[in-house]
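Presented below is the structure to which this report refers.
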2 protein chains.
Amino acid sequence: MAPNSRFAVAVHVLTLIALHKGERLSSREVAGSVATNPVVIRRLLAQLSRAGIVASAHGALGGFTLARPASEITLFDAYRAVEEGGFFALPEKKNDKCPVARRMKTILDGVFARVESKVLPELKRTTLADVARRLPGRA
Amino acid sequence: MAPNSRFAVAVHVLTLIALHKGERLSSREVAGSVATNPVVIRRLLAQLSRAGIVASAHGALGGFTLARPASEITLFDAYRAVEEGGFFALPEKKNDKCPVARRMKTILDGVFARVESKVLPELKRTTLADVARRLPGRA
DNA sequence: GGATTTGAAACTATAATAGTTACATTATGG
DNA sequence: CCATAATGTAACTATTATAGTTTCAAATCC
């Protein structure tokens, strides 16, 4: 997958699993739709599994299912599971002798927090069921 | 500077220039505060210059100034100037034989557009003057 | 017990970006 | 007019993050 498209791929993968309700999807099947390697998909699904969004089964006939109804999984849940940082990054270096540089982090933290306070409710408002509804019955 | 912190550095740099109203700041002086190389700063300021946010002067006593009052420069202006893509990226590959994959881009475009429609007004609301007001008189 | 799958470790490949070096061009001021 | 100092930019290297790959142990089904 492309760099930085983790969230997009997570939504794709979860939607795929949601549309196959009652079945188990293998990482190989999912990888087919995303056009990438099964291990990449398993790594992504491991994050979603640790977050309690999907459940996995080992062995033959193993694979992945949603851990709860698609209507109870929001895009915020997916975002938080696969994307640790915020939307913006702060520089890690600065010149501590400069008064502006010293205060910049605090100021930017405030700006970034205000932005995120607008974004997160929007992501919480949309569920996987909303996304799945826009797709044909099965994949 | 750290990867992906271009917007944060842009705000830092612009604030620094704003606080030195009436003077010209050289890329070397700015680089000192950000703790990076002057060329990196010149590259960033070239983007802000093309966007009409700063003005530059060549030669000895050259350097950078704001192209208009700090109260008329928003963080959105800075964001748009230095960060071409949106907040999320779409994967560039997909399996076109999969109906879900085929429609995913359209769906995600919609989701991303709704998110950005919440973010951009927030960035437009904050001006450089707002940021500078939170800092001591001069650097 | 054979087949199939997840989980994870270890490694390589790739891409984006920061940092560096170098230099032509432009401007100031004595 | 010449020394000085700055931008603008090209070309290159270094770094970092992440995707992709290979491999294999453990789990599970039939």
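Computed from heavy atoms alone, side chains included, the values below leave out hydrogens, waters and symmetry copies.
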* To do: Please figure out whether B/Ser49 or A/Val40 has its closest DNA chain D nucleotide nearer the 5' end.
  =>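 Checking each residue's closest nucleotide, the 5'-ward one belongs to B/Ser49.
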* A/Asn4 or B/Leu45: which one's nearest nucleotide on DNA chain D is closer to the 5' end? -> B/Leu45
Do the side chain of [X] and the main chain of [Y] share a donor and acceptor less than 3.5 angstrom apart?
X        : Y        : answer
B/Lys118 : A/Lys118 : no
A/Thr74  : A/Asp77  : yes
B/Ser5   : B/Ala8   : no
B/Arg103 : A/Leu135 : no
A/Glu116 : A/Ala113 : no

Nearest-Å distance for atom pair [atom1]/[atom2], residues [X] and [N]:
X       : N      : atom1 : atom2 : value
A/Arg43 : D/dT22 : CZ    : C1'   : 11 Å
B/Leu44 : D/dT7  : CG    : C1'   : 15 Å
A/Arg42 : D/dG20 : CZ    : C1'   : 13 Å
A/Leu61 : D/dC30 : CG    : C1'   : 8 Å
A/Ile41 : D/dG20 : CD1   : P     : 9 Å
A/Glu92 : D/dT15 : CD    : P     : 14 Å
B/Arg28 : D/dT4  : CZ    : C1'   : 13 Å
A/Arg24 : D/dC29 : CZ    : P     : 7 Å

* Provide the start and end nucleotides, 5' to 3', of the part of DNA chain C that has atoms under 4.0 Å from heavy atoms of chain A. => C/dT4 to C/dG19
* Tell me yes or no: between the side chains of A/Ser27 and A/Arg42, is some donor less than 3.5 Å from an acceptor? =>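 Yes.
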* B/Ser27 has a side chain; which of D/dT21, D/dT7, D/dT9 sits nearest to it? ->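 Of D/dT21, D/dT7, D/dT9, D/dT7 is nearest to the side chain of B/Ser27.
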* Asked: Among D/dT18, D/dG8, D/dA6, which nucleotide sits nearest the side chain of B/Ser26?
  ->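 The answer is D/dA6, which lies nearest to the side chain.
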* To do: State, to the nearest 10°, the angle formed by the axis through the first five base pairs of the helix from C/dG1-D/dC30 to C/dG30-D/dC1 and the axis through its last five.
  =>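 Inter-axis angle at the termini of the helix from C/dG1-D/dC30 to C/dG30-D/dC1: 20°.
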* Structure fact -> In short, A/His12 meets A/Ser33 closest at the heavy-atom pair NE2-OG, 2.8 Å
* Asked: For the rings on B/Tyr79 and B/Phe87, is their centre-to-centre separation under 6.0 Å?
  ->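 Ring-ring flag for B/Tyr79/B/Phe87: true, centres closer than 6.0 Å.
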* Going by an N to O cut-off under 4.0 Å, is there a salt bridge joining A/Arg114 and A/Asp109? ->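 Looking at A/Asp109 together with A/Arg114, the answer is no, because their closest N to O distance does not fall below 4.0 Å.
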* Residue closer to the 5' end of DNA chain C, B/Arg6 versus B/Val39 (nearest nucleotide) -> B/Arg6
